[in-house]
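Structure first, commentary second.
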Amino acid sequence: MRSQQGAIVCRSLTKAYDGRTVVDDVSFEVAAGTITGFVGANGAGKTTTMRMLLGLVAPTSGIALVDGRPYRELASPRRRVGAVVDGPGAHPGHSARLHLSVLATASGLPGRRVDEVLDLVELTEHAGRRVGGFSMGMLQRLAIAGALLGDPGVLILDEPANGLDPPGILWMRDLLRGLAADGRALLVSSHLLAELAEVADRVLIIDRGRLLADEPLDQLLDGTRVVEMRCADAAAMLRAVTARDLRADLEDDFLVIHGMSAREAGELAVAQGAGPVHWLTERTSTFEEVYFRLAGPQVDPREAS
Ligand SMILES: Nc1ncnc2c1ncn2[C@@H]1O[C@H](COP(=O)(O)OP(=O)(O)OP(=O)(O)O)[C@@H](O)[C@H]1O
């Protein structure tokens, strides 16, 4: 196991462009050996936060530390932190192997790492091909290979599953879990909320620059009960539920009620004369429901499938 030195720390991190605050007083930590998911709608501030951690954008105020230091003060930064923020940044005429060799040489890393990381991202058989002909998924793998070249203890990955097909997504999931199991600290952003729920230990939810949640995944999902119900008079049931200040969504005759047990819902339906009840089931909130409850209705659910 690696030591705690792999941690990522942001304290009161703030960025304003032309007087518009796009990252607003954001504080969080990522411990070694864990994956923190970073979720937010388009323009929420994920990439800007990551770019500040990587020394690519200067904070307006606050601090962003990797291994206890600002990125620009790290000795051998590629050995400390690997990042995927803007794809692999490879010359389209270069082969995957040449691209990684150039990166390794520029960063003083041993050439043998090139074949090791190509193998790790399962690109060995394409290593001699021109990057210009790569699919989105292959480019993502190449970007990850570049991030892993220095065998860093910290990984900052902006939408790493972008462009991957379903087998690629499964592969990515296993890779991320394995990297964390080796003791690395991972900060991983995604629009694919369900995908993050599969790998993250902790979840940050950011909305319009502000952190809305920083919680262990289990806690985030266990917070509320949800009842799904079909009954003869769903509109009457909806009125009864909202009169109790609980949230409910009605689509045709299908009701989703937040914060109530199945037993309570069944009894309420009887008391309100909304029955008979045709269907009643209780579950915990989905990650999407938690996200939209916290982020509010201004976020279009279609953008965060
Ligand atoms: N260099 C810049 N100059 C001005 N505004 C910027 C700059 N970079 C980012 N922004 C703005 O900051 C806000 C946050 O952008 P950011 O890219 O961090 O969001 P994001 O959560 O990563 O979104 P996405 O999921 O779409 O990548 C956006 O409104 C964006 O337009």
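All ligand and atom numbering here is 1-based and tracks the order in the structure.
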Counting each atom of ligand 1 from 1 as listed, which ones have a heavy atom of [X] under 4.0 Å away?
| X | value |
| --- | --- |
| Thr48 | 9 (C), 14 (C), 15 (O), 16 (P), 18 (O) |
| Asn42 | 23 (O), 24 (P), 25 (O), 26 (O) |
| Val22 | 11 (C), 12 (O), 13 (C) |
| Ala41 | 21 (O) |

| query | Can you hop from Leu98 to Val117 via hydrophobic side chains spaced under 4.5 Å? | reply |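 Different hydrophobic clusters.
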
| field | hydrophobic_cluster_shared for Val57 and Leu187, side chain cutoff 4.5 Å | value |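 Linked within one cluster.
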
| task | Just go through Glu159, Arg20, Lys15 and tell me whose heavy atom is the nearest to atom 30 (C) of ligand 1. | result |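 Nearest option to atom 30 (C) of ligand 1, by heavy atoms: Arg20.
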
May I ask you to test the [X]-[Y] pair for a side-chain heavy-atom distance under 4.5 Å?
| X | Y | value |
| --- | --- | --- |
| Glu228 | Arg283 | yes |
| Pro59 | Leu13 | yes |
| Leu155 | Leu148 | yes |

| query | Can you tell me if Asp25 and Thr14 form a side-chain donor-acceptor pair at under 3.5 Å? | reply |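 Side-chain D/A pair, Asp25 to Thr14: absent.
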
| query | Going by atom types alone, do His258 and Arg247 pair a side-chain donor with an acceptor below 3.5 Å? | reply |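 A pair is found: one side chain offers a donor N or O, the other an acceptor, under 3.5 Å apart.
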
| For ligand 1, is there an atom lying under 4.0 Å from some heavy atom of Gly40? |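 Contact check Gly40 vs ligand 1: negative.
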
How far is [atom] from its nearest protein heavy atom, and which residue and atom is that?
| atom | answer |
| --- | --- |
| atom 22 (O) of ligand 1 | Thr47 OG1, 2.6 Å |
| atom 9 (C) of ligand 1 | Tyr17 CE1, 3.8 Å |
| atom 14 (C) of ligand 1 | Gly43 O, 3.3 Å |

